[in-house]
Amino acid sequence: MKDIEEIINKTAQDKIDFDLGVKLLLEYNDNFKALFKILQHYIFNSIPNKTDYNSEVYQTAINTIPLKQTYTPIVILKTFPTKIAFQKLASLPEDENKTTTTALLWIFKITDTERRNTECKNGCGHYWHELD
């Protein structure tokens with residue numbers, strides 16, 4: 001597992017404080033597009049409904065992002081269907097990288113926690129759920 005993936009997964013599993021996880025991701029990774037693609041992939045895989053990538057847990061995640069609800073990434077996530085929202089997030093200016101990273105890491109944290117507590121509660125074989 002790449003270091004960046006380990007930071008994402010340890011943050012999602014509360015093994016790294018959330019704010020520290022965001023900071024580490026932004027400091028460690030100078031390629032926001034690569035970070036964005038990893039987070040998008042992780043989120044899409046952790047959302048239970050693969051038909052439209054929308055579910056109750058995904059909506060809960062969006063509604064509990066620890067940022068002002070008027071920040072651009074949150075407005076986009078609430079306004080557009082999931083796949084369109086992610087296309088729009090990918091094209092935001094660089095000064096939105098921190099809020100976008102915060103929003104996406106939070107969504108993954110919530111959706112993956114739900115997956116670990118339901119689909120994966122009796123063991124799943126996902127090596128990232130076995131982090132120390």
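Each residue takes its place number in the sequence, starting with 1.
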Undergrad: Would you confirm whether Thr101, through its side chain, and Lys98, through its main-chain N or O, come within 3.5 Å as a donor-acceptor pair?
TA: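 Not a single qualifying donor-acceptor pair exists.
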Undergrad: Please check if the side chain of Asp112 supplies one atom and the backbone of Phe108 the other of a donor-acceptor pair under 3.5 Å.
TA: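 No: the side chain of Asp112 does not pair with the backbone of Phe108.
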Undergrad: Assigning hydrophobic clusters by single linkage (Ile, Leu, Val, Met, Phe, Trp, Tyr; side-chain heavy-atom cutoff under 4.5 Å), is Leu105 placed with Val75?
TA: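 No, Leu105 does not connect to Val75 through the hydrophobic network.
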Undergrad: So Phe44 and Lys83, do their side chains get closer than 4.5 Å, heavy atoms only?
TA: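 Heavy-atom side-chain distance check passes, below 4.5 Å.
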Undergrad: Is there a side-chain contact between Asn97 and Leu35, using heavy atoms and a 4.5 Å cut-off?
TA: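 No, side chains not in contact.
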Undergrad: Check whether any side-chain heavy atom of Leu92 sits under 4.5 Å from a side-chain heavy atom of Ile76, and report yes or no.
TA: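 Yes, side chains in contact.
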Undergrad: If you compare all heavy atoms of Ala90 against all heavy atoms of Lys33, which two are closest, and at what distance to 0.1 Å?
TA: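 For Ala90 versus Lys33, the nearest heavy atoms are O-NZ, 4.0 Å.
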Undergrad: Mark yes or no: Lys109 above the aromatic ring of Phe18, with NZ or CZ under 6.0 Å from the six-membered ring centre and no more than 45 degrees from the axis.
TA: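 Negative - Lys109 is either too far from the ring of Phe18 or too far off its axis.
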Undergrad: Using a 4.5 Å cut-off on heavy atoms from C-beta on, say whether the side chain of Glu5 contacts that of Tyr42.
TA: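 A side-chain contact under 4.5 Å exists here.
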Undergrad: Evaluate whether atom CD of Glu94 has more than 12 neighbouring non-hydrogen atoms of other residues, nucleotides or ligands under 6.0 angstrom away.
TA: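 Not buried by this count: 12 neighbours or fewer within 6.0 Å.
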Undergrad: Say you draw a straight line from CD of Gln59 to CD1 of Ile110; how long is it, rounded to the nearest 0.5 Å?
TA: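 Between atom CD of Gln59 and atom CD1 of Ile110 there are 13.5 Å.
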Undergrad: Could you check whether any side-chain heavy atom of Ile47 comes within less than 4.5 Å of a side-chain heavy atom of Val57, counting everything from C-beta outward?
TA: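 Result no, sub-4.5 Å side-chain heavy-atom pair not found.
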Undergrad: Does some side-chain heavy atom of Tyr71 sit less than 4.5 Å from a side-chain heavy atom of Ile65?
TA: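 SC-SC contact between Ile65 and Tyr71 ruled out.
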Undergrad: Provide the closest heavy-atom pair for Thr118 versus Glu114 in the form atom of the first, atom of the second, distance.
TA: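 Shortest heavy-atom contact: OG1-O, 2.8 Å.
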Undergrad: Find out whether Leu89 and Leu77 are in side-chain contact, i.e. whether some heavy atom of one side chain is under 4.5 Å from a heavy atom of the other.
TA: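 SC-SC contact between Leu89 and Leu77 confirmed.
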Undergrad: Taking everything shown except Lys78 itself, do over 12 heavy atoms lie less than 6.0 Å from its NZ?
TA: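 Yes, NZ of Lys78 has more than 12 neighbouring heavy atoms, counting only those of other groups under 6.0 Å.
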Undergrad: Please enumerate all residues that pass salt bridge (charged side-chain N to carboxylate O under 4.0 Å, His left out) together with Asp19, with sequence neighbours excluded.
TA: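 Salt bridge (charged side-chain N to carboxylate O under 4.0 Å, His left out) list for Asp19, sorted by chain: empty.
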Undergrad: Going by the rule salt bridge (charged side-chain N to carboxylate O under 4.0 Å, His left out), which residues pair with Lys23 if we only count those two or more places apart in sequence or in a different chain?
TA: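 Lys23 satisfies salt bridge (charged side-chain N to carboxylate O under 4.0 Å, His left out) with Glu27 only.
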Undergrad: For a side chain to side chain donor-acceptor pair (under 3.5 Å) with Trp106, tell me which candidate from Thr64, Thr11, Thr111 qualifies.
TA: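 Running side chain to side chain donor-acceptor pair (under 3.5 Å) over Thr64, Thr11, Thr111 with Trp106 returns exactly one hit, Thr64.
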